Each structure stands twice: as C-alpha cells, then as structure tokens.
Trainee: 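This is the structure, below, for whatever I ask next.
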Amino acid sequence: MSEYKSDLLRLLAERGHIHQLTDAEGLDKLACEGIVVAYNGYDATAPSLHIGNLASVMLLRRLQQAGHKPIALMGGGTTKVGDPSGKDESRKLLTQDAIASNIAGISQVFHRLLDFSDSPTGAVMVNNDEWLSTLGYIDLLRTVGPHFTVNRMLTFDSVKLRLEREQPLTFLEFNYMILQAYDFRELALRHGCRLQLGGSDQWGNIVNGIELTRRMNGIELFGLTTPLLTTADGAKMGKSVNGAVWLNEEMLPSYDFWQYWRNVDDRDVVRFLKLFTDLPLDEIARLEALQGSEINAAKVVLANEVTRLVRGEEAARAAETTAAATFAGGGLGQDLPTFEVGPDGIGIIDALIGLGFAASRGEAKRLIAGGGARLDGTAITDEAYHITLASGEAKLSSGKKKHGILRIA
RNA sequence: GGACAGGUGGCCGAGUGGUUAAAGGCAGCAGACUGUAAAUCUGCCCGCGCAAGCGUACGCUAGUUCGAAUCUAGCCCUGUCCA
C-alpha cells in the first residue's frame, strides 16, 4: 500500500478509496510526472445524487487535493440508454426534460466539493449528450463496432448476470458499455483525460473504454474503481427515514442527513471518516481508539464533518445543536421537522401524519397501539387523543429517534 | 411464426374453486434491552371505519360459477428451445 510513489495513490490508498486499478505502476508513474486529468460519470436518473455516489465525488475531491484535475461528466446522453450494471431490471426511460432537470439537481453538489476555478487543476463539468446525441448510427457502428466482439461483451458482469438469471436485457441497454467506452475516448481526445474513476460495478465499462482508445488511438488510459459501499451489516449503503439519503437539501433535510451519519454502525465509523471527511488520519486514529459508548462522540464528528462538506457549515451546526437539544436535553431543537396546527389543536393521528411519521391513518393507529407515539416524551395510547398545544408548541415523537415539532400557526 | 415455462402484496416465494387480505422469508415500523450502536426477543406490516363491516388487490379483458388468485377464451409481457 505504501509502496506507491505518487501523492495521489498514497492518499487514495490510505483513505480506503481504491478497490481495483488497471495498471497501478503505470498510473503511479503518470501521477508523479504531472497533472492527471480524471473523470467520473454520473447518469441523470434522479434529481439528486445520494450517499451511494458520495464516495466517488469524494474521490474527485481527493484527486484535486493531490494536485490533479477532475472532470465531472454528466451522463445526459448515456441516461437515455440506461446502464444495466448491477441491476436486475431495466429502468424505465426518462424524458429529455426529466434528464435535463435531473442534471441541474445533480450538478449542485459538485460545486460544494470541487473547485471549479480557472486553474490548471480546476474542475470541469461536461455533458456527454454533447457528443453522443449527434452520433450517426452507421458511423458509430463502423468506427467503434469493429473493436468490440459480442463474444467478449457477453462475458461482462453487467450482461452475464442478466443472462444467467434469465432476466431480460434489451439491445438498448446492451449498447451502454459501448457508449461509455466512447465517452472515455472522447474525453481523452478533447480534454487529455487519462483516468476514469467509478464504483466497482463500473469496472467492465471502464476497461472497455481503455481498450477502445488503445486500439483506435494508441493512447494508454487508466481505470480506478472504489469499493462498493456496504454497511457493516451487509446492506447496500444509503437508506434513511424516508428512503435514500440524498445529497440535495430539497430531497432530504439536513437534520435527517446529519442523523444518518450519527446513527451509522459502530464498525463503520472509522471507514466512513476516512472516505467521507477531510479529517487528518492521525485525528481519525485518535477517534478510532474510543471504546463503547464513547464511539458516539466519533459519530458526532462524522456527522458534523460530512454535513459540513455536503450541506455547509451552517446546516451542520444547526443539525448538531438540534440533536443535542432533543436527545441529550430531552427538549426540542429548532431544526426538527415542524407541522403547523390551527388554533384548536389537532388529533394525534393527524399530527402523526402531518409530520410524516405515518403514511395513513391506519399506520398512525398502529404506531399508537404499539406505544411508539410520544407527546413531549410521554406515550400516548389513546388514538382519539386531542393535542391542544397550550404552550404554543410541543414535541411529537415516533419511537425514540424520530421527533418533530407541532406549532400553532 | 411454432413448442414449452411463467407473470401473486416493496422484494423473494407458497397457494390451483369457498375456511385466502392471500403461508413463509427478506426489507420496513414500533416495544424491551442499550450507547440515538450491534446482536437478541416481542408486536405490527393494503386503504377507510371505534366497531360489525366496507372498498380495493394476485398481468389485462371478457366469461363459467351461488362463489375465482385458483376454471375457460382472447390479448399483453418475459424466459427457454425451434424456424
């Protein structure tokens, strides 16, 4: 691990970012010689990236920290096709408009985590729709087609898994790897990009790009993948109260974002500190020494640091203050979700639904019946209970972790 | 175009005429224990209703039947093999 000569690979290795490298020695050498231009692509399948993508964004950040140049590629073109990697089913096709607005949402986080200034290592954002959408079918077949054999394409996991499980793989999706390969070559020619980063499920796509460019242009490219992030209990990372842990504020309030990190498994804390924060390693080592319930302190640091990077200093502080007030103080913090109530108060069931703690009246009732609904800390077991809010506001909780404020409008 | 297999609740997967809102598992939610951790144990887990009950639901449509997820016909979709 420490035999790398370049700052880049040493940094990435010690932080736990490296899963596989196509040519460790070659890349190490390249990184020693000068600025490496590297890219990672993001398809516009949702209005925001989520935690599962954060490792790769951090990777671009590290790259820049080590004195190299990151390219954030928006997959405006590839999204129209759909990457079958790691999926059992094809996604439904997105409209042009949806893709455009998704790109607008996704691109936000890069401006927080990367420096887009006009310097030799300034980050660049490009959209592959720029070159993919104008490709002519016959042209593409003739230029790229001869370099791919179907025999080989069938051996890549993205394809093989579908076939083995007898799940449909459409011809549309089958072409994805070709387009991604084409992207890498295009970026190499246009921007001098030499390295593609990606999640471990992108290995096949990356290798294809490297081979295509070598055959067509004789340029040597490199690939690096990050480990697939799973939590210590084996699940894919990134589920929270209401689904995915989104990076954008509009998709997930910062308080909930903070809480996700505050609640990670003990066994994940150190790994996540290395991957998702800029904390120096000796600081992390100090936190790693904590035992038992002291680990909670490390989780707070993790939550603060990640929230600061992704959501900003202010959001991180507000979330921490709120958490301290509601959990340690037993009161209520101002950053909790709030539901406004009329002057007559509100029934407990409607209050639970209003705060999003229950999706239906039935669910709210079950929560109450199970003893999970609390008003200012005391369990409410009567589903007809009416909350009057004499003091103007009250804390309503679902279980011990989900809290919200009811307030007279 | 032909033969065969299949399409069940968020997912996996039983069920082949009523006792089935549909076994079991996973995921999820809550309770106990804890450290806002893990593991474990317990309860809940389509909607509305205080309830009896009602409404929806087993690819789609039309039938048979007192009664269908279960039978029939047509259609749509998927896989395997064949042309």
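A, B, ... follow the sequence lines: proteins, then strands. Residue 1 opens every chain. Because the structure is a prediction, the values reported are computed rather than measured.
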Trainee: Could you tell me whether Ser398(A) contacts a base, only the sugar-phosphate backbone, or nothing, with contacts defined as non-hydrogen atoms closer than 4.0 Å?
Mentor: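 Since only primed, P, OP1 and OP2 atoms lie under 4.0 Å of Ser398(A), the category is sugar-phosphate.
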
Trainee: Taking CG from Leu367(A) and P from G28(B), how many angstroms apart are they, rounded to a whole number?
Mentor: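 That distance rounds to 17 Å.
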
Trainee: From the options Val207(A), Thr226(A), Leu224(A), Thr225(A), select the one residue that forms a side chain to side chain contact (heavy atoms under 4.5 Å, CB included) with Gln20(A).
Mentor: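 Exactly one candidate clears the test, Thr225(A).
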
Trainee: Between Arg162(A) and Glu173(A) (salt bridge meaning N to carboxylate O under 4.0 Å), is one present in this structure?
Mentor: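 Glu173(A) and Arg162(A): salt-bridged.
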
Trainee: In whole Å, what separates the P atom of C44(B) from that of A22(B)?
Mentor: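 C44(B) and A22(B) have their P atoms separated by 13 Å.
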
Trainee: Of all residues at least two apart in sequence or in a different chain, which pass the ring-ring contact (aromatic ring centres under 6.0 Å, His included) check with Tyr42(A)?
Mentor: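 Partners of Tyr42(A) by the ring-ring contact (aromatic ring centres under 6.0 Å, His included) criterion, ordered by chain and then number, come out as Phe110(A).
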
Trainee: Salt-bridge test for Glu283(A) and Arg286(A): reply yes if a basic N is under 4.0 Å from a carboxylate O, no otherwise.
Mentor: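 Yes, this pair counts.
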
Trainee: Pick the nucleotide of RNA chain B nearest each of Ile295(A) and Gly372(A); which residue has the one closer to the 5' end?
Mentor: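 So the residue in question is Gly372(A).
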
Trainee: Atom OH of Tyr182(A) and atom CG of Leu132(A): how far apart are they, to the nearest 0.5 Å?
Mentor: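 These two atoms lie 7.5 Å from each other.
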
Trainee: Sequence neighbours left out, cut at 3.5 Å: what donor-acceptor pairs do the side chains of residues 144-156 of chain A make with other protein atoms?
Mentor:
unit_1, atom_1, unit_2, atom_2, d
Thr149(A), OG1, Arg152(A), N, 3.2
Arg152(A), NH1, Glu211(A), OE1, 3.3
Thr155(A), OG1, Arg152(A), O, 2.5

Trainee: U36(B) P sits how many Å from Gln259(A) CD, rounded?
Mentor: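 Roughly 11 Å, once rounded to whole Å.
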
Trainee: With P as the reference atom in both, quote the distance from G7(B) to C11(B) in angstrom, rounded to an integer.
Mentor: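 Per the computed distance, 14 Å lies between those P atoms.
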
Trainee: Any idea which of U36(B), A30(B), A38(B) is nearest the Trp258(A) side chain?
Mentor: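 Closest nucleotide among those given: U36(B).
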
Trainee: Sequence neighbours excluded and cut-off under 3.5 Å, please list the side-chain donor-acceptor pairs for residues 352-371 of chain A, or say none.
Mentor:
unit_1, atom_1, unit_2, atom_2, d
Ser360(A), OG, Glu363(A), N, 3.2
Arg361(A), NH1, Asp350(A), OD1, 3.2
Glu363(A), OE2, Ala359(A), N, 3.3

Trainee: For a quick check, with a 4.0 angstrom heavy-atom cut-off, what is the B/S/- contact string for nucleotides 45-50 of chain B, read 5' to 3'?
Mentor: S-SSSS

Trainee: Taking atom P in both C48(B) and U64(B), compute the distance separating them and give it to the nearest angstrom.
Mentor: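 Comparing P positions in C48(B) and U64(B) gives a spacing of 35 Å.
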
Trainee: Send over the distance from Arg271(A) CZ to A37(B) P, rounded to a whole Å.
Mentor: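 Checked: the CZ to P distance equals 19 Å.
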
Trainee: Does a salt bridge link Arg308(A) with Glu305(A), judged by any charged N lying under 4.0 Å from a carboxylate O?
Mentor: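 Salt bridge flag = yes for Glu305(A) with Arg308(A).
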
Trainee: Not counting sequence neighbours, which residues clear salt bridge (charged side-chain N to carboxylate O under 4.0 Å, His left out) with Glu340(A)? List them please.
Mentor: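 If we apply the salt bridge (charged side-chain N to carboxylate O under 4.0 Å, His left out) test to Glu340(A), skipping adjacent residues, there are no hits.
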
Trainee: Scan Ala373(A) against the nucleic acid and name what it touches under 4.0 Å (heavy atoms): base, sugar-phosphate only, or nothing.
Mentor: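 The residue Ala373(A) makes no contact with any strand.
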
Trainee: CG of Leu336(A) versus C1' of U36(B): gap in Å, rounded?
Mentor: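 In whole Å, U36(B) C1' and Leu336(A) CG are 13 Å from each other.
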
Trainee: Ion pair present between Arg311(A) and Glu249(A), side-chain N to carboxylate O less than 4.0 angstrom?
Mentor: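 Between Glu249(A) and Arg311(A) there is a salt bridge, with a charged N closer than 4.0 Å to a carboxylate O.
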
Trainee: Please list, chain by chain and in numerical order, all residues satisfying salt bridge (charged side-chain N to carboxylate O under 4.0 Å, His left out) with Asp201(A), sequence neighbours excluded.
Mentor: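 Expected list: none.
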
Trainee: How many whole angstroms separate atom NZ of Lys401(A) from atom C1' of C29(B)?
Mentor: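 In whole Å, C29(B) C1' lies 12 Å from Lys401(A) NZ.
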
Trainee: Please state the C1' separation for the pair U72(B) and U16(B) - nearest whole angstrom.
Mentor: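 That atom pair is separated by 14 Å.
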
Trainee: What distance, rounded to whole Å, do you find between the two C1' atoms, one in A51(B) and one in A14(B)?
Mentor: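 Taking atom C1' in both A51(B) and A14(B), they lie 33 Å apart.
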
Trainee: Provide, to the nearest angstrom, the distance between the CZ atom belonging to Arg374(A) and the P atom belonging to C29(B).
Mentor: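 One finds 16 Å between P of C29(B) and CZ of Arg374(A), rounded.
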
Trainee: Could you give the distance from CZ (Arg61(A)) to CG (Leu114(A)), rounded to the nearest 0.5 Å?
Mentor: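 If I round to the nearest 0.5 Å, the distance is 8.0 Å.
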
Trainee: Restricting both atoms to N or O, compile the protein contacts to nucleotides 21-24 of chain B shorter than 3.5 Å, with distance only.
Mentor:
none

Trainee: Please report, rounded to the nearest Å, how far the P atom of U36(B) is from the NZ atom of Lys395(A).
Mentor: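 Atom NZ in Lys395(A) sits about 13 Å away from atom P in U36(B).
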
Trainee: Would you call the rings of Phe171(A) and Phe174(A) parallel, tilted or perpendicular, where under 30° means parallel and over 60° means perpendicular?
Mentor: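 Ring orientation, 0 to 90° scale: tilted.
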
Trainee: Is Ser293(A) close enough to A37(B) that one of its side-chain N or O atoms is under 4.0 Å from OP1 or OP2 there?
Mentor: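 For Ser293(A), the contact criterion (side-chain N or O under 4.0 Å from OP1 or OP2 of A37(B)) is not met.
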
Trainee: Which stems, defined as runs of 3 or more consecutive Watson-Crick or G-U wobble pairs with both pairing distances under 3.5 Å, involve RNA chain B?
Mentor: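 Ordered by first number, the stems with RNA chain B (at least 3 consecutive pairs each) read B:1-7 with B:76-82, B:10-12 with B:24-26, B:28-32 with B:40-44, B:46-48 with B:53-55, B:59-63 with B:71-75.
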
Trainee: Expressed in angstrom and rounded to an integer, what is the separation of Arg262(A) atom CZ from A38(B) atom P?
Mentor: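 The answer, rounded to whole Å, is 11 Å.
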
Trainee: Which value, rounded to the nearest 0.5 Å, describes the distance between Glu130(A) atom CD and Leu73(A) atom CG?
Mentor: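 Answer rounded to 0.5 Å: 9.5 Å.
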
Trainee: Going by atom types only, do Asp43(A) and Thr45(A) share a side-chain donor-acceptor pair under 3.5 Å?
Mentor: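 Judged by distance alone, the side chains do not pair up.
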
Trainee: Who passes salt bridge (charged side-chain N to carboxylate O under 4.0 Å, His left out) against Glu393(A), sequence neighbours left out?
Mentor: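 For Glu393(A) the salt bridge (charged side-chain N to carboxylate O under 4.0 Å, His left out) partners, ignoring immediate neighbours, are Arg407(A).
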
Trainee: Can you tell me whether the side chain of Lys400(A) and the base of U34(B) have a donor-acceptor pair closer than 3.5 Å?
Mentor: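 Yes, a donor-acceptor pair under 3.5 Å.
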
Trainee: What interatomic distance, in whole Å, is found between C1' of G25(B) and the corresponding atom of A73(B)?
Mentor: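 Comparing C1' positions in A73(B) and G25(B) gives a spacing of 36 Å.
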
Trainee: Checking Arg62(A) now: which residues fulfil salt bridge (charged side-chain N to carboxylate O under 4.0 Å, His left out) with it, not counting sequence neighbours?
Mentor: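 Per chain and number, Arg62(A) pairs via salt bridge (charged side-chain N to carboxylate O under 4.0 Å, His left out) with Asp278(A).
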
Trainee: Taking only nitrogen or oxygen atoms into account, show me every contact under 3.5 Å that the protein makes with nucleotides 78-83 of chain B, one pair per line with its distance.
Mentor:
unit_1, atom_1, unit_2, atom_2, d
G79(B), O2', Glu166(A), OE1, 3.2

Trainee: Between the protein and nucleotides 4-12 of chain B, which nitrogen or oxygen pairs come in under 3.5 angstrom?
Mentor:
none

Trainee: P atom, A68(B) versus G59(B): distance in rounded Å?
Mentor: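 Pairwise P distance, A68(B) against G59(B), rounds to 15 Å.
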
Trainee: Verify the distance criterion only: is there a donor paired with an acceptor across the side chains of Asp83(A) and Gln202(A) at less than 3.5 Å?
Mentor: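 Per modelled atom types, Asp83(A) and Gln202(A) side chains form a pair under 3.5 Å.
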
Trainee: Could you give the distance separating C46(B) and C58(B) at their C1' atoms, to the nearest angstrom?
Mentor: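 Looking at atom C1' only, C58(B) and C46(B) are 13 Å apart.
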
